[in-house]
Visitor: 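Before anything else, here's the structure in question.
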Amino acid sequence: MPSHLNVLDSVKPSAEKGKPMTDIENLAAGVQAFTSNVFLVPGERTVLVDTGANFDVVAAVESRVDDLDAVVLTHTHRDHVGNVDAVRSAFGVETVGYDPTHPAVDAELGGTARLGDHDYSVLHTPGHKNDHVCLYAPDAKVCFAGDLVFAGGSFGRTDLEEGDRETLIRSIDSLLDLVGPDLAELHTGHGPSVTTDAYGTIERAGQAARQF
């Protein structure tokens with residue numbers, strides 16, 4: 001059973017029809033291996049959001065950009081950080097995450113992080129894992145949600161170590177308070193990104209988590 005979705009998510013959500021407004025790209029799209037999504041955010045500060053696992057993400061980065069400035073981790077489950085050492089070695093970059101005691105994390109996230117050309121607010125969102133964060137850029141109206149919520153209104157598993165349903169629900173509520181109804185892009189740790197009714201997707205995830 002996948003380690004990211006709750007146990008009721010046996011139906012995969014369909015991809016959203018809307019096209020992203022930004023140049024953010026999922027480098028794990030189409031990869032047939034156990035991995036998270038890996039988002040390349042180009043711009044003034046070129047960043048990877050998560051590194052994925054079990055595929056050659058270094059080659060994927062090198063085919064698109066000349067260099068990488070940093071890696072930002074939504075959390076440290078293996079499928080999100082399995083490629084950390086390869087990325088560190090290839091690009092000489094720091095990995096930044098919530099828990100600086102974890103071997104995959106070189107530096108601790110502050111209250112904001114620069115990704116591409118925008119400043120993202122860092123929101124601690126435990127419930128799936130204790131060190132989980134979401135990232136939101138209010139000017140670009142873009143959110144990286146990790147494994148908190150997914151397209152179709154599904155939500156992250158809470159039956160793993162450090163998982164807790166009530167905590168996850170509070171984290172979803174906190175994310176709703178941070179983002180607005182005009183949220184343009186919701187990039188999740190697995191499955192398709194959401195570019196149509198992204199705010200409603202988070203709302204439905206909160207409702208589903210409460211009904212489980």
Side-chain angles (χ1 to χ4, degrees), residues 1-22 24-31 34-39 41 49-50 52 72-75 77 79-80 98 120-138 140-212:
M1 182 181 295
S3 67
H4 50 280
L5 295 176
N6 76 80
V7 293
L8 290 186
D9 294 329
S10 57
V11 178
K12 294 182 179 180
S14 59
E16 299 292 337
K17 293 181 180 180
K19 294 183 179 180
M21 298 169 60
T22 64
I24 296 166
E25 183 180 0
N26 178 14
L27 302 187
V31 173
F34 180 56
T35 181
S36 71
N37 289 336
V38 179
F39 294 104
V41 188
V49 177
D50 295 329
V72 176
L73 301 174
T74 62
H75 63 293
H77 274 154
D79 51 328
H80 290 253
Y98 185 82
Y120 285 73
S121 296
V122 177
L123 179 66
H124 184 214
T125 50
H128 177 67
K129 196 174 189 302
N130 288 345
D131 65 354
H132 194 286
V133 299
C134 293
L135 307 157
Y136 173 61
K141 299 179 176 59
V142 173
C143 177
F144 293 96
D147 285 3
L148 184 67
V149 298
F150 302 99
S154 55
F155 56 92
R157 285 180 61 177
T158 57
D159 58 337
L160 303 170
E161 184 178 0
E162 299 183 5
D164 181 81
R165 181 58 52 82
E166 292 303 318
T167 302
L168 185 91
I169 291 169
R170 289 194 295 271
S171 290
I172 294 173
D173 290 345
S174 295
L175 183 60
L176 283 169
D177 289 340
L178 179 66
V179 304
D182 58 352
L183 180 65
E185 297 179 24
L186 179 67
H187 299 293
T188 60
H190 300 271
S193 294
V194 181
T195 57
T196 302
D197 193 23
Y199 187 85
T201 296
I202 303 171
E203 287 184 314
R204 288 189 290 276
Q207 293 164 1
R210 285 175 166 86
Q211 294 170 0
F212 185 82

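Computed over heavy atoms, backbone and side chain alike; hydrogens, waters and symmetry mates excluded.
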Visitor: Considering residues at least two apart in sequence or located in another chain, which fulfil the side-chain contact (heavy atoms from CB on, under 4.5 Å) criterion with Asp164?
Guide: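 Asp164: side-chain contact (heavy atoms from CB on, under 4.5 Å) contacts with Glu166, Thr167.
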
Visitor: Quick one, Phe155 with Arg165, criterion side-chain contact (heavy atoms from CB on, under 4.5 Å). Give me CA distance, side-chain angles, the key distance, then yes/no.
Guide: CA-CA 10 Å; Phe155 56 92; Arg165 181 58 52 82; 3.5 Å; yes

Visitor: Under 30°, 30 to 60°, or over 60°: which ring-plane class applies to His75 and His80, parallel, tilted or perpendicular?
Guide: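 Ring orientation, 0 to 90° scale: tilted.
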
Visitor: Over 60° means perpendicular and under 30° means parallel, so tell me whether His77 and His128 are parallel, tilted or perpendicular.
Guide: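 Perpendicular.
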
Visitor: May I ask you to test the Asp197-Arg204 pair for a side-chain heavy-atom distance under 4.5 Å?
Guide: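 They are in contact (side-chain heavy atoms under 4.5 Å apart), so the answer is yes.
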
Visitor: Can you confirm whether Leu186 sits close enough to Val149 that some side-chain heavy atom of one is under 4.5 Å from a side-chain heavy atom of the other?
Guide: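 Of all side-chain heavy-atom pairs linking Val149 with Leu186, at least one is under 4.5 Å.
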
Visitor: Sequence neighbours left out, what passes side chain to side chain donor-acceptor pair (under 3.5 Å) with Glu25? Give chain and number order.
Guide: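 Glu25: side chain to side chain donor-acceptor pair (under 3.5 Å) contacts with Arg64.
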
Visitor: Would you find a donor on one side and an acceptor on the other, under 3.5 Å apart, between the side chain of Asn37 and the backbone of Thr188?
Guide: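 Yes; judged by distance alone, with no hydrogens or angles, the pair exists.
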
Visitor: Going by side-chain contact (heavy atoms from CB on, under 4.5 Å), name the residues that satisfy it together with Thr125, two or more places apart in sequence or in a different chain.
Guide: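 Here the qualifying residues are Leu123, His132, Cys134, Leu148, Ser171.
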
Visitor: Do the side chain of Glu185 and the main chain of Val142 share a donor and acceptor less than 3.5 angstrom apart?
Guide: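 Side chain of Glu185 to backbone of Val142: no pair is present.
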
Visitor: Among residues at least two apart in sequence or on other chains, which ones pass side-chain contact (heavy atoms from CB on, under 4.5 Å) with Ala28?
Guide: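 If we apply the side-chain contact (heavy atoms from CB on, under 4.5 Å) test to Ala28, skipping adjacent residues, the hits are Asn26, Val31, Thr35, Val38, Phe55.
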
Visitor: Could you check Asp131 against His124 for side-chain hydrogen bond (donor to acceptor under 3.5 Å, both in side chains), going step by step and ending with a plain yes or no?
Guide: CA-CA 7 Å; Asp131 65 354; His124 184 214; over 6 Å; no

Visitor: Quick check: do Asp79 and Asp50 have side-chain heavy atoms less than 4.5 Å from each other?
Guide: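 The answer is no; the side chains never approach within 4.5 Å.
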
Visitor: Tyr120: what forms a ring pair (Phe, Tyr, Trp, His ring centres under 6.0 Å) with it, not counting sequence neighbours?
Guide: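 For Tyr120, the residues satisfying ring pair (Phe, Tyr, Trp, His ring centres under 6.0 Å) (neighbours in sequence not counted) are Phe144.
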
Visitor: Kindly write out the residues that satisfy salt bridge (charged side-chain N to carboxylate O under 4.0 Å, His left out) with Asp182, not counting sequence neighbours, or none if the list is empty.
Guide: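 Lys141.
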
Visitor: For a quick test of reading the model, state the closest non-hydrogen atom pair linking Tyr136 to Cys143 and the distance between them.
Guide: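 That closest heavy-atom pairing would be CD1-CB, 4.1 Å.
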
Visitor: I want to check something: taking the side chain as every heavy atom from C-beta on, are Asp147 and Lys129 in contact at a cut-off of under 4.5 Å?
Guide: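 No, every pair of side-chain atoms sits at 4.5 Å or beyond.
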
